[in-house]
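Here the structure comes first, spelled out in structure tokens, and everything after it is commentary.
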Number of protein chains: 2
Amino acid sequence: MAGKRSDIHTDGVPVLCRSCEARHRGICGALTSDELTELARHTHKARHAPGEELIGDGTDVDSFANVMRGVVKLSKGLEDGRRQIVGLQFAPDFLGRPFGSENTLTAEAASEVELCVVSKTALERMMAEKPALENRLMHQTLRELDEARDWLVTVGRKTALERVASLLHRIATYTDPAAESGGEVTFELPLTRADAADFLGLTLETVSRQLGALRRLGVIRITGTRMVTVPELRSLKALCG
Amino acid sequence: MAGKRSDIHTDGVPVLCRSCEARHRGICGALTSDELTELARHTHKARHAPGEELIGDGTDVDSFANVMRGVVKLSKGLEDGRRQIVGLQFAPDFLGRPFGSENTLTAEAASEVELCVVSKTALERMMAEKPALENRLMHQTLRELDEARDWLVTVGRKTALERVASLLHRIATYTDPAAESGGEVTFELPLTRADAADFLGLTLETVSRQLGALRRLGVIRITGTRMVTVPELRSLKALCG
DNA sequence: CGTTTATTTGACGCGGTTCAATCAGTGTGG
DNA sequence: CCACACTGATTGAACCGCGTCAAATAAACG
């Protein structure tokens, strides 16, 4: 929802945006508070449960969104049911295919997800008059490209153990960027074993076995079925290949 | 080299640019002839033999280029020598990492290659004053992202036969976009078996065997070692998974 | 030609898949 | 509160696609 008039005039930034990460690290950082207010008029928050489809492959592009909370899986499928997850979007990542008329992949909520949705027309109008906005989007796209290519290496050339280690490493460094190669990190896996398998180009059985192997090696601890603790990020990284 | 003054004043477009595909389908299409002339002052043609390194992983970004002729391999490597090709650039694709200070991959000439090289500063200056130029770059980046994700599916989920078929299909449709699922196409493979293997996440022996299998199936003919003919693109596509 | 490099072909073994059974966690209704 | 069903995870055993190693051809090059 758009910010209320009174708030706007008090501090210039819509309520909705104040605690949003996209305001700083995301694409909205390119906007002044006036522009933010203008854009906020065309946005609304949406909440989705795990498993819900956010974007369908082949559907028309009619809106975009920023991920405010949670994790979104981007996947592509073959006719016969084989699936590959081609990207994971965390807050405050941008969601959607700018400049395209049709979506080329499926987006699903991996966890409980909150989105800030904006209509295609509103964003494109604002982008046309604010090159800085398109520039932010360009940076995000370049980051996604780098990530996709990194995963290509992982999926194409690493062993099952290295792939699972790489996934855990990526989530760990997202969870606590400060712990980059050193220090303990704990997080909840946003993916089921089946999802992880679809991300890594493996089967869920193999993922399960390799998680067990990593646990036996002492580089991770697993609590319940989803909580993972990495006592020493460095030693996990060493197993990434 | 920049176009000569006399030419510029005659028809407005630098000689160098007249036959260049980037002028139409590439990023330079965003520029007026005056702007093209301005940019051409800071560009020069470069020719490279197969195998030459065009961009080194980890080097500073000091220039960009458009591929005018030939094929360029983009690859990433692991410390122990394993390598994965993460992209193929054909004319008139753009080469280089905009907005980054350091290159994150290696670019090598796969075939004889001709580039139109432009300095980082010159392109960034022009990009700052011409949003349309950045927009073109955005489109190219989005296309590369789509391609990287498509390959992720290929490498992560397809069988060896399907992967080799997918590579041939991609090159065939690039060679003759008109033959899209129908009609005969002949082309020279721009990759050695080893390169193809690095692209597909296989070994060169497997690539060789699957090419043999496709030949025995009758969906391709192989002349010498690099010339490939696809009599019926549709039947090749059917094997892509 | 002789040498070198790219490709093909064969035999064998292993990593990861497949199929199947068991177990754990979670909600549901009697 | 327990039995039951259901979904997700683990574990085991057999199989097989692809990698590995090795040797034979074929093409490229001086």
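Letters A, B, ... mirror the listed sequences (proteins, then strands); counts begin at 1.
Of the possible polar contacts, one joining the Arg226(B) side chain to the Leu189(B) backbone as a donor-acceptor pair under 3.5 Å is found. One N or O on the side chain of Gln84(A) and one on the backbone of Asp198(A) form a donor-acceptor pair closer than 3.5 Å. Distance alone, capped at 3.5 Å, is enough to place a donor-acceptor pair between the Arg157(B) side chain and the Leu202(A) backbone. With Thr154(B) contributing its side chain and Arg163(B) its backbone, the two residues share no donor-acceptor pair below 3.5 Å.
Residues of residues 154-167 of chain A having a heavy atom closer than 4.0 Å to DNA chain C, listed by number: Thr159(A), Ala160(A). Near-neighbour residues of DNA chain C inside residues 203-217 of chain A, defined by a heavy atom below 4.0 Å, number-ordered: Thr203(A), Glu205(A), Thr206(A), Arg209(A).
Each of Leu202(A) and Thr225(A) lies near DNA chain C, and the nucleotide nearest Leu202(A) is the one positioned closer to the 5' end.
Asp195(B) places its CG atom 10 Å from the P atom of dA6(C), with the value rounded to the nearest Å. In this structure, the CG atom of Asp198(A) is 17 Å from the P atom of dG16(C), given to the nearest Å. Residue Leu191(A) contributes atom CG, which lies 15 Å from atom C1' of dA9(D) at whole-angstrom precision. To the nearest angstrom, C1' of dA6(C) lies 9 Å from CZ of Arg226(B). Atom CG of Leu189(A) is separated from atom C1' of dA9(D) by 12 Å (rounded to the nearest Å). Taking atom CZ on Arg193(A) and atom C1' on dA9(D), their separation rounds to 6 Å, with Å as the unit. For the pair Ile222(A) CD1 and dG8(D) C1', the interatomic distance rounds to 14 Å; values are reported in whole Å.
Looking at Arg143(B) and Glu147(B), a side-chain N of the basic residue comes within less than 4.0 Å of a carboxylate O on the acidic one, giving a salt bridge.
Between Ser208(B) and Arg193(B), the side chains place no donor N or O within less than 3.5 Å of an acceptor N or O (distance only, hydrogens not considered). The closest side-chain donor-acceptor pair between Asp57(B) and Thr106(B), if any, does not fall under 3.5 angstrom.
A 4.5 Å side-chain heavy-atom check between Val67(A) and Phe90(A) finds every atom pair outside the cut-off.
Nucleic acid contact class of Gly201(B) (heavy atoms, under 4.0 Å, all strands): sugar-phosphate only.
With sequence neighbours left out, the salt bridge (charged side-chain N to carboxylate O under 4.0 Å, His left out) criterion links Arg82(B) to Glu162(A), Asp80(B).
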